[in-house]
Student: 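Let me give you the structure first, and then I'll get to my questions.
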Amino acid sequence: KEGNSLINNVIGKYIEEVDKYTDNEALSGLDDIIYYDEVLKLILSSSKLTFSILDKKRWIGYISNLINNVDNIKYNSLTKQKYIFFLNDLCNLINGFRICDLDYLEYKYDIKNSFNQSIKMECDRILNFDYNKKRNIINDIIITVDGVDAKEIDDALSIKKLANGNFLLGIHIADPLYFFNNNSIIYDEARRRTTSIYLSDLTIPMLPKKISSDYSNLLENKKRPATSYYYEITLDGEIVNYKFYKSYITVYKNMTYTEFNNILINGCDDLNIYNSVNDLAVLQPILSKLYNIDPYYAKVNRSDNNITDTNIIGNSFSEKLIESAMVFNNQMVAQYFFTKKLPFIYRIHAIDEKTMSKISEFSQSISVDDSKSEYSKYINMLKNIYPKATYSLDNKGHFGLGLNSYTHITSPLRRFADIVSSDCLNKMYFNSFTDKDIYKYEDYLTEIINSINQKRLSIEVFSTNYEKNKCKKL
C-alpha cells in the first residue's frame, strides 16, 4: 500500500545525497549514496512493493532535466562527471537496467585497481633513494607464519626464554613509512584506498606492489625496516616491561601455518626453528587469555562470505598463535596512548545492553540447521543487527574482543589505519612533541578517521557486487 510513497522518498534522498557528495570538493560522503542505492535496489526488487509507471516517467523526466541543466559554475570537471554518473545510474536503476562490469564498479565505488603514472614514478624514486637512517639492528631468530598464498608479509615473531623463566616476545611489523611520510602522494593514495581488497580471483592492493610485495615485505634473508615491539611476559601472563624500537630485521624463516603445525608435532633438524616454535607454543595460551572474543563477534567476522575481511579465520594452532600475538600487540600500543592521554586512532566496538538482548532473542528464535546455506542466511541476518567495529579518536573499548583499548597496527602493508597508528608512534613515541603538535595532530586524526570510516561501505558493496557478477558469468 505504501510502496509507491516509500520508493519516492528513497529516490528523493538518493538525489539529495548526490547533491551533497558532489558539492563537497573532497567528494566525501559516497557511503550515503551507496546506502540509498542499496535500499532502492532492495525495494524495487520486492514483489510486495509496487512503483507506478507514471511515477517512473516523472522521475526519469526530472532527473533528465537535472542533467540537461547542470550548473557549470557549481561543478568542476570531476564533480560534474560524478554528478551526471550517479543520476544516470539512478535512471538505470528505476528502469531496471543493470551494469556490472569491473570498470563500472571501480568508477561507482571509487576503487582503483591500478596506480597512475605519478604514483609509479614516485615509487621508483623513493625506492632508489639512498637512505641512511639510524635504527636498532635486530639479530634475533625471527620467523613469519602466514597462509600459503600470502603475498604481503608484514608481521613476524621472535622469542627468547630468559634466565628468570620469563619470555621475551618480539613482534616485528613491516615499516613502509621508512620510505615515505604523510606528505607523500603514496600516503595520499593509500588513504584514498584505505585497504587492500581481497577477492576470489583478484587482489587490489593499497600500496604499489614494489613496496608491499618487495621492499617492505618481510621476506626471508632480506634486511627490512621494521618496528619491533618487545614484551617480557611471565608464565602467569604478567607484562613485566615493554619497549618499542625502530629497527632493521632479517627474517630467518618464512613459514606457512601448516609447516609450523607440523614442526610442533614432528619436530625438525633446525634447532633455531624448533626452539622458537616450541617456546611460542608455550606462550600462545598465555596470550589468548588476555582477551575474550564475544561469540557473536566471532560469527559475524569469521564468515567465509566476508571477503573484504583480512583477519585470520582459521582455527589451527599456528593461526591462533598469530592472531593472539597480533591482538596482544594492538592492545598494548592502544593502551600506551590511552594511558598517556595522547591523540590516537582506536579501533572501537561499542554495544549497549538493549542491542545485546535483541541479538540474543533473535538467535534463540532462529532455527539454524547444518546446511551451509541456512547458516549463511543466519550470519547475514545477524550482521544487520550486530554493531560493526569502527575507528575513533575516542577510546570506547572493544566489546567484541573484551578489551578496554584496541587499535590496528600490525598490517601496515594492507590497511591504512595501521599506517596511521604507526605515524602516531613516530610522532609521539619515537620523537619529542609540544602541546601545539598534539592539538594540530588531533585535528588531523579526526579528518583521517572520518575518511577511513566513510570508505568501508563502498568497499564492501563493491566486493559483493564483483563476486555476484563473476558468478553470473560463470
Side-chain angles (χ1 to χ4, degrees), residues 115 119-120 122-133 135-159 169-180 186 190 195-196 198 203-230 244-263 268-277 280 310-312 314 318-319 321-323 325-326 329 408-416 418-419 422:
F115 293 91
I119 300 296
K120 291 178 181 178
E122 176 64 2
C123 182
D124 288 339
R125 182 190 69 83
I126 64 172
L127 295 178
N128 287 308
F129 188 78
D130 186 17
Y131 296 93
N132 189 25
K133 298 181 180 181
R135 291 181 165 228
N136 289 68
I137 298 175
I138 307 296
N139 293 314
D140 295 341
I141 301 300
I142 298 174
I143 64 171
T144 68
V145 189
D146 288 277
V148 66
D149 296 323
K151 293 179 175 60
E152 300 164 335
I153 304 175
D154 45 18
D155 57 83
L157 300 176
S158 64
I159 191 167
L169 173 66
I171 299 175
H172 311 273
I173 306 299
D175 186 14
L177 288 177
Y178 177 86
F179 298 105
F180 59 88
I186 293 176
T195 183
S196 295
Y198 300 95
T203 296
I204 300 176
M206 180 185 72
L207 294 170
K209 289 184 179 180
K210 282 188 178 181
I211 296 176
S212 62
S213 298
D214 192 355
Y215 283 74
S216 288
N217 208 13
L218 302 185
L219 300 174
E220 191 175 307
N221 295 323
K222 299 288 186 181
K223 181 181 176 182
R224 292 290 186 258
T227 304
S228 294
Y229 306 82
Y230 278 96
F244 308 153
Y245 301 96
K246 284 295 176 183
S247 61
Y248 290 114
I249 68 169
T250 302
V251 171
Y252 183 80
K253 181 70 174 176
N254 290 138
M255 303 174 65
T256 65
Y257 295 125
T258 300
E259 287 173 336
F260 186 101
N261 294 332
N262 286 340
I263 291 171
C268 70
D269 295 332
D270 190 323
L271 285 179
N272 288 325
I273 296 294
Y274 179 80
N275 290 334
S276 294
V277 167
L280 286 168
T310 58
N311 292 330
I312 299 166
S318 55
E319 287 166 301
L321 165 67
I322 300 303
E323 179 183 68
M326 298 307 116
N329 195 68
H408 278 158
I409 202 170
T410 55
S411 298
L413 299 185
R414 59 188 181 186
R415 203 164 45 200
F416 183 66
D418 302 56
I419 290 180
S422 299

Student: Within this structure, what is the CD1-CE distance for the pair Ile153 and Met255, rounded to the nearest 0.5 Å?
Tutor: 12.0 Å
Student: Just verifying a value: how many Å separate Leu280 CG and Asn275 CG, rounded to the nearest 0.5 Å?
Tutor: 10.5 Å
Student: Enumerate, atom names and distances included, each donor-acceptor pair closer than 3.5 Å involving a side-chain atom of residues 138-146, sequence neighbours excluded.
Tutor:
| from | atom 1 | to | atom 2 | distance (Å) |
| --- | --- | --- | --- | --- |
| Asp140 | OD1 | Lys160 | NZ | 3.0 |
| Asp140 | OD2 | Tyr230 | OH | 2.5 |
| Thr144 | OG1 | Asn254 | ND2 | 2.7 |

Student: Can you name the salt bridge (charged side-chain N to carboxylate O under 4.0 Å, His left out) partners of Glu259, sequence neighbours left out?
Tutor: none
Student: Please name all residues satisfying ring-ring contact (aromatic ring centres under 6.0 Å, His included) with Phe416, sequence neighbours left out, ordered by chain then number.
Tutor: Tyr187
Student: Under the side-chain contact (heavy atoms from CB on, under 4.5 Å) rule, collect the residues that match up with Leu127, sequence neighbours excluded.
Tutor: Cys123, Phe179, Lys210, Ile211, Tyr215
Student: I'd like to know if the side chain of Ser422 and the backbone of Asp418 have a donor-acceptor N/O pair within less than 3.5 Å.
Tutor: yes
Student: How close do Leu413 and Ser196 get, counting heavy atoms only, and between which atoms?
Tutor: O-OG, 4.0 Å
Student: Residues in side chain to side chain donor-acceptor pair (under 3.5 Å) with Ser276, at least two apart?
Tutor: none
Student: Going by the rule side-chain contact (heavy atoms from CB on, under 4.5 Å), which residues pair with Asp270 if we only count those two or more places apart in sequence or in a different chain?
Tutor: Tyr252, Cys268, Asn272, Ile273
Student: I'd like to know whether NZ of Lys120 has more than 12 heavy-atom contacts from other residues, nucleotides or ligands below 6.0 angstrom.
Tutor: yes
Student: Are side-chain heavy atoms of Leu157 and Ile322 found at a separation under 4.5 Å?
Tutor: yes
Student: Taking the side chain as everything from C-beta on, heavy atoms only, tell me whether Thr258 gets closer than 4.5 Å to Val148.
Tutor: no
Student: Side chain of Arg224, backbone of Asn217: donor and acceptor closer than 3.5 Å?
Tutor: yes
Student: Taking only residues two or more places apart in sequence, or in another chain, which ones meet Asp155 in a salt bridge (charged side-chain N to carboxylate O under 4.0 Å, His left out)?
Tutor: none
Student: Suppose we screen for salt bridge (charged side-chain N to carboxylate O under 4.0 Å, His left out). Which residues come up paired with Asp175, at least two apart in sequence or across chains?
Tutor: Arg135, Lys246
Student: Sequence neighbours left out, what passes salt bridge (charged side-chain N to carboxylate O under 4.0 Å, His left out) with Lys253? Give chain and number order.
Tutor: none
Student: For Ser216 and Pro176, work out which heavy atoms get closest and say how close.
Tutor: OG-CA, 3.6 Å
Student: To the nearest 0.5 angstrom, please state how far the CZ atom of Arg414 sits from the NZ atom of Lys151.
Tutor: 12.5 Å
Student: Hey, what do you get for OH (Tyr257) to CG (Leu321), rounding to the nearest 0.5 Å?
Tutor: 9.5 Å
Student: Excluding sequence neighbours, so at least two apart, what forms side-chain contact (heavy atoms from CB on, under 4.5 Å) with Thr203?
Tutor: Tyr198
Student: So which heavy atom on Pro208 is nearest to which on Phe115, and how close?
Tutor: N-CZ, 3.5 Å
Student: When you measure from the side chain of Ser247 to the backbone of Ala226, do you find a donor-acceptor pair of N or O atoms at a distance under 3.5 Å?
Tutor: yes
Student: How far apart are the C-alpha atoms of His172 and Ser158, what are their side-chain angles, what is the distance that settles it, and do they pass the side chain to side chain contact (heavy atoms under 4.5 Å, CB included) test?
Tutor: CA-CA 8 Å; His172 311 273; Ser158 64; 2.9 Å; yes
Student: Do the side chains of Ser228 and Asn136 get nearer than 4.5 Å, heavy atoms only?
Tutor: no
Student: Does any part of the side chain of Glu152, heavy atoms only, come nearer than 4.5 Å to the side chain of Leu207, both counted from C-beta?
Tutor: no
Student: Not counting sequence neighbours, which residues clear side-chain contact (heavy atoms from CB on, under 4.5 Å) with Thr250? List them please.
Tutor: Lys223
Student: Find the distance between OH (Tyr245) and CD1 (Ile137) and round it off to the nearest 0.5 Å.
Tutor: 14.0 Å
Student: Please report the closest heavy-atom contact between Phe260 and Ser318, naming both atoms and the distance.
Tutor: CD2-CB, 3.6 Å
Student: Applying side chain to side chain donor-acceptor pair (under 3.5 Å), can you list everything that pairs with Thr410, at least two apart in sequence or on another chain?
Tutor: none
